[in-house]
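This is a predicted model, so every value here is computed, not measured. Only this structure's heavy atoms are used, side chains among them; waters, hydrogens and symmetry mates stay out. Every chain is numbered from 1 and lettered A, B, ... according to where its sequence line falls, protein lines coming before strand lines.
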There are 2 protein chains.
Amino acid sequence: MTNKTKVSFGPSIRRLPSYLHIIRNAQSGGETFISGTVIATELTLEPIQVRKDLAITGIIGKPKKGYPVDELVVAIERYLGWNREHKAIVVGAGNLGSALSGYQEFKNHGLNIIAAFDTDPSKVGQTIHGVPIYSLETLETQVPGLGVEIAILTVPSPFAASTCESIVKAGVKSIWNFTNIKLKVPEGITVWREDLSSGYAMLSVMMKIKHKSELETN
Amino acid sequence: MTNKTKVSFGPSIRRLPSYLHIIRNAQSGGETFISGTVIATELTLEPIQVRKDLAITGIIGKPKKGYPVDELVVAIERYLGWNREHKAIVVGAGNLGSALSGYQEFKNHGLNIIAAFDTDPSKVGQTIHGVPIYSLETLETQVPGLGVEIAILTVPSPFAASTCESIVKAGVKSIWNFTNIKLKVPEGITVWREDLSSGYAMLSVMMKIKHKSELETN
DNA sequence: TAGATTGTTAATCGATTAACAATC
DNA sequence: TAGATTGTTAATCGATTAACAATC
């Protein structure tokens, strides 16, 4: 169990943001109730799956009407911890780091990026989306005490391991890892790897299968 | 079944790129065989899972020695369709699109981004990582006939649906969707959604759980 | 040879889906 | 009231893990 925080309902948790998005839209449209059926149709899921997923937030629906929209929004955000601020830093102020810094959606859900770090001297002193860029060398001295919870790791892969060490030394406990390296971290450090290669793999295989079935059909 | 290409072994396919990365490293290091146990240790997985996953590529290992590195690399790339070129376009030449255009790893695995499209007139005519940027308006006329297989969708969410329609009209059959919108596409179009929000959700919940257990412990 | 590692077959685990009574 | 939708309990499905004979 070393290093592994067990999370029950992984797949359910991953679907919640999509639900939240739809429910928020309904809220903006003035709806007060939304049914699991409607959400399911929107996302091409089974209604029973939506109901099961929403159950983990503790919200209770009304037969015939569905779930109370306002309560549901609050409950999902609470469940995800998106109702409070998470101070974060971007480590690697390249295009990807810059893109993530600018995502309004994350800001709306508590992600507060207060600084970025990079090795490129020409970037230091600049800002990306209003976020100041500091020298990566200063990370370990600057970050402790600022209450930074999350480090978003977007450095090139060869620097992932060493940069990760700096992040840990700086006392940041959670790492959102966008590199294709599996990080080795001490116990108590949470890592979520966003593996873009695995997405490309899925897309590639789906394409291959479709192509094959076309060949078979024709 | 409408719109849904069924892919068996989803989780296995998503792990293959990580295996490939490690096996390639072993290859560079001059190794000729690599065992499932070694790969598993590297990635904190069970050896049996690695063996099961590698089995789908058709490669047969040698007891005591492991799997032949060169053959394994070829077999994984073949299985993923990464042994051939996939022409692609980036739709939405912002930071994220720019980041993806520059990823050497994808280039090495057949992803050939031949053009980017954007609405911003100041971007049109420029290049990102050597990829020329054209006006989004010209997508439907320019792209057909070029043999583009993949559209990487990185426009802001409000434009996702309409841009998706253009992509489909242009005859591109696979979409790598980086927006937080569930796209509605005609049958025969493959979509893989890269859902960054779900990653943020997982990280957030893992943080919450860890925090709670710390409170309980102290 | 001895032992590490394989591939196969079976068991377990967890997630999805089905069935259905309860109810607004 | 009638019927759509809920929450619960059970069944199914698929993925992971275990056990173990085969073998280099």
(request) May I ask which nucleotide in the shown strands pairs with dC24(C), Watson-Crick or G-U wobble, both distances under 3.5 Å? (result)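 The base-pairing partner of dC24(C), which may sit in any strand shown, is dG3(D).
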
(request) Under a 3.5 Å limit for both distances, which nucleotide forms a Watson-Crick or G-U wobble pair with dA19(D), could you say? (result)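 Per the H-bond distance test, dT8(C).
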
(message) Students often mix this up, so state it plainly: with edges at 30° and 60°, are the rings of Trp82(A) and Tyr200(B) parallel, tilted or perpendicular?
(response)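 Taking Tyr200(B) first and then Trp82(A), their aromatic rings lie parallel (interplane angle under 30°).
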
What is the distance, rounded to the nearest whole Å, between atom [atom1] of [X] and atom [atom2] of [N]?
X: Lys65(A); N: dC24(C); atom1: NZ; atom2: P; result: 12 Å
X: Glu46(A); N: dT5(D); atom1: CD; atom2: P; result: 15 Å
X: Asp53(A); N: dG14(C); atom1: CG; atom2: P; result: 17 Å
X: Ile13(B); N: dA15(D); atom1: CD1; atom2: C1'; result: 13 Å
X: Ile48(B); N: dT16(D); atom1: CD1; atom2: P; result: 11 Å
X: Phe9(A); N: dT16(C); atom1: CZ; atom2: P; result: 11 Å
X: Ile56(A); N: dT6(D); atom1: CD1; atom2: P; result: 16 Å
X: Leu45(A); N: dT17(C); atom1: CG; atom2: C1'; result: 13 Å

(request) Using a heavy-atom cut-off of under 4.0 Å over every strand shown, decide if Ile59(A) touches base, sugar-phosphate, or nothing. (result)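 Sugar-phosphate: the residue Ile59(A), judged by heavy atoms under 4.0 Å, touches backbone atoms but no base.
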
Heavy atoms from C-beta onward define the side chain here; which of [options] lies closest to that of [X]?
X: Lys62(A); options: dT8(D), dT16(D), dC24(C); value: dC24(C)
X: Pro63(B); options: dT8(C), dT8(D), dT23(D); value: dT23(D)
X: Arg15(B); options: dT16(D), dT5(C), dT8(C); value: dT16(D)
X: Tyr67(A); options: dT16(C), dT6(D), dA18(D); value: dT6(D)
X: Lys64(A); options: dA4(D), dA15(D), dT16(C); value: dA4(D)

(request) Could you tell me whether a side-chain N or O of His109(A) sits under 3.5 Å from a main-chain N or O of Ala201(B), the two making a donor and an acceptor? (result)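 Such a contact is absent between His109(A) side chain and Ala201(B) backbone.
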
(message) Looking at Phe9(A), I'd like to know if the NZ or CZ of Lys52(A) sits under 6.0 Å from its six-membered ring centre while staying within 45 degrees of the ring's axis.
(response)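 Ring-cation test returns no.
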
(message) Taking Glu42(B) first and then Lys184(A), would you say they form a salt bridge - that is, a charged N and a carboxylate O separated by under 4.0 Å?
(response)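 Between Lys184(A) and Glu42(B) there is a salt bridge, with a charged N closer than 4.0 Å to a carboxylate O.
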
(request) Could you tell me whether the side chain of Lys52(B) has a donor or acceptor atom within less than 3.5 Å of a complementary atom in the base of dT9(C)? (result)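 Yes.
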
(request) List the steps, then state whether side-chain contact (heavy atoms from CB on, under 4.5 Å) holds for Ser166(A) with Glu140(A). (result) CA-CA 6 Å; Ser166(A) 291; Glu140(A) 291 178 35; 2.9 Å; yes

(message) Between Arg51(A) and Gly10(A), which residue's closest nucleotide on DNA chain C lies nearer the 5′ terminus?
(response)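 With Gly10(A) and Arg51(A) compared, the 5'-side residue is Gly10(A).
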
